[in-house]
Protein chains: 2
Amino acid sequence: MPRLKANTSTCSVARALELLGDRWSFLLIREVIFGTRRFDDFAAHLGIARNVLAAKLAALVDAGILEQRPLHQDARRLGYHLTEMGDGLLPAMVALLQWGDRWLQTPDTVPLRIVERATGAELPPVQLLDHAGQPLTRRELDWAPGPGAGDPGIAPLVAAYEKQRRVVPRPIPPAPTAIPRPNAKGKPR
Amino acid sequence: MPRLKANTSTCSVARALELLGDRWSFLLIREVIFGTRRFDDFAAHLGIARNVLAAKLAALVDAGILEQRPLHQDARRLGYHLTEMGDGLLPAMVALLQWGDRWLQTPDTVPLRIVERATGAELPPVQLLDHAGQPLTRRELDWAPGPGAGDPGIAPLVAAYEKQRRVVPRPIPPAPTAIPRPNAKGKPR
DNA sequence: CTATTACAGTTGCTTTTTAAAACCATACGG
DNA sequence: CCGTATGGTTTTAAAAAGCAACTGTAATAG
């Protein structure tokens with residue numbers, strides 16, 4: 001529904017957010033991940049208005065993230081399920097959940113843990129890894145234009161990014177904060 | 001700004017989305033990651049209305065995700081930078097970008113690649129890994145109540161999830177779609 | 001087979017958020 | 001001083017979200 005400006009809509013993040021960039025879409029997908037299938041259950045769990053829920057579910061089905069399948073074998077009633085495309089959002093989802101656990105909760109208030117089914121062990125934090133499987137920090141990351149960087153919809157943005165990159169070697173952080181260790185459990189605020 | 005319902009606001013995903021669940025927050029963070037620092041540059045790159053931009057930046061600073069620091073060493077003018085908390089969003093951000101590349105672009109239209117600074121090699125897809133570093137599929141995941149699951153704000157939701165878990169062994173997918181191989185490059189739609 | 005309730009949405013209307021565009025304020029640069 | 005770049009506010013309009021009541025099928029009970 002939301003329409004973004006031309007100069008952003010070619011970016012993958014922007015496109016993803018055209019589908020998911022509202023208050024409810026991610027929460028709906030969270031619900032599906034946690035096993036919610038029925039209209040009234042979404043409504044009850046989230047407190048979302050029913051008309052908004054209907055519109056949102058339709059949009060997600062339309063986008064190919066959800067699909068309706070029978071609730072049980074040979075039942076006539078349908079429920080909402082993740083498609084393969086929807087499944088693909090799991091890493092982003094878990095990363096967001098873990099970020100929330102880390103920065104918006106204290107260790108005592110974490111409500112849900114994502115665990116391995118086989119062992120029950122909590123999942124390690126989702127990290128950016130290099131090809132050798134080693135964690136990468138923000139400083140070790142960079143970007144490069146992809147095959148579609150020349151598209152008139154995004155070329156100006158890429159040019160702006162190029163220009164920014166040439167500037168400022170990075171201001172000295174006021175306090176030389178520790179490199180964020182993924183496993184560290186510092187209490188944030 | 002958006003206020004969520006009581007029964008969701010204790011969940012980490014919900015809390016994260018109270019800060020980030022709108023059309024612009026993620027894009028602003030993307031901009032900061034790509035080096036944008038100045039008010040007018042955000043406005044120009046995204047086409048966001050200036051009042052909305054001002055409100056959003058203030059909210060992100062208030063939340064501790066961004067902070068204002070001098071643009072250069074001993075410059076008087078300030079720019080927006082990621083805090084450590086903001087840095088923590090990188091895995092979620094990259095996961096979202098990669099999802100968009102995979103499902104909302106064709107291989108030819110991918111506009112930006114995230115690479116390792118040292119080698120220039122494109123980052124492998126962000127994945128959910130177990131403790132041994134092996135990729136996990138959706139079926140191998142489960143959840144468990146955390147220390148804060150008893151909080152009255154979330155206990156009913158956790159109870160609902162428990163109940164859902166007991167039902168339905170999982171309906172047979174109409175087409176037995178391939179298990180999503182993280183590296184696969186199937187053309188989606 | 002009929003009545004009753006559960007379910008999955010619509011419809012019409014109100015309130016809240018977001019957006020657009022014009023307007024202000026401060027800091028330099030000359 | 002004057003002009004301009006920067007970083008916002010104010011005002012007003014449009015879009016989205018919320019609410020409550022209503023409708024049409026599906027399962028279910030008798």
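First the proteins, then the strands, lettered A, B, ... as listed; each starts at 1.
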Enquirer: Mapping A:R77 and A:V52 onto DNA chain D by nearest heavy atom, which one lands closer to the 5' end?
Expert: A:V52

Enquirer: In whole Å, what is the span from the CD1 atom of A:I48 to the C1' atom of D:dA16?
Expert: 12 Å

Enquirer: May I ask you to evaluate whether B:R23 reaches the phosphate of C:dA19, defined as a side-chain N or O under 4.0 Å from OP1 or OP2?
Expert: yes

Enquirer: Contact class for B:L78 (heavy atom, under 4.0 Å): base, sugar-phosphate, or nothing?
Expert: sugar-phosphate

Enquirer: Using whole Å, what does the distance between atom P of nucleotide C:dA19 and atom CH2 of B:W24 come to?
Expert: 6 Å

Enquirer: In terms of side-chain heavy atoms of A:D40, which of D:dG8, D:dG18, C:dA8 is nearest?
Expert: C:dA8

Enquirer: Kindly point out which of D:dT6, C:dA20, D:dA21 is positioned nearest to the side chain of B:A49?
Expert: C:dA20

Enquirer: Applying a 4.0 Å non-hydrogen cut-off, can you work out what A:Y80 is touching in the nucleic acid: base, sugar-phosphate, or nothing?
Expert: sugar-phosphate

Enquirer: Starting at atom NZ of A:K56, determine the distance to atom P of D:dA15, rounded to an integer number of angstrom.
Expert: 15 Å

Enquirer: D:dC19 P sits how many Å from A:L53 CG, rounded?
Expert: 13 Å

Enquirer: Can you tell me the distance, in whole Å, between the CD atom of B:Q68 and the P atom of D:dG8?
Expert: 6 Å

Enquirer: Would you mind telling me which residue lines up with the more 5' stretch of DNA chain D, A:A75 or A:D22, judged by nearest nucleotide?
Expert: A:D22

Enquirer: To the side chain of A:F39, which of D:dG8, D:dG18, C:dA8 is closest?
Expert: C:dA8

Enquirer: Any salt bridge linking B:E18 with B:R15? Criterion: basic side-chain nitrogen under 4.0 Å from a carboxylate oxygen.
Expert: no

Enquirer: As an exercise, state the distance from CZ of B:F26 to CG of B:L17, rounded to the nearest 0.5 Å.
Expert: 7.0 Å

Enquirer: Measure from CZ on B:R76 to P on C:dC28 and round the result to the nearest Å.
Expert: 4 Å

Enquirer: Any N or O donor-acceptor pair linking the side chain of B:R50 to the base of D:dG7 at under 3.5 Å?
Expert: yes

Enquirer: Atom CG of B:L28 and atom C1' of C:dT18: how far apart are they, to the nearest Å?
Expert: 14 Å

Enquirer: Mapping A:N51 and A:G79 onto DNA chain C by nearest heavy atom, which one lands closer to the 5' end?
Expert: A:G79

Enquirer: Name the residue from A:E67, A:Q68, A:R69 that meets the side chain to side chain donor-acceptor pair (under 3.5 Å) definition with A:Y80.
Expert: A:Q68

Enquirer: Send over the distance from B:E18 CD to C:dT17 P, rounded to a whole Å.
Expert: 13 Å

Enquirer: Does the A:E122 side chain pair with the main chain of A:V115, one donor and one acceptor, at a distance under 3.5 Å?
Expert: no

Enquirer: When rounded to the nearest 0.5 angstrom, what is the spacing between NE2 in A:H45 and CD in A:E31?
Expert: 6.0 Å

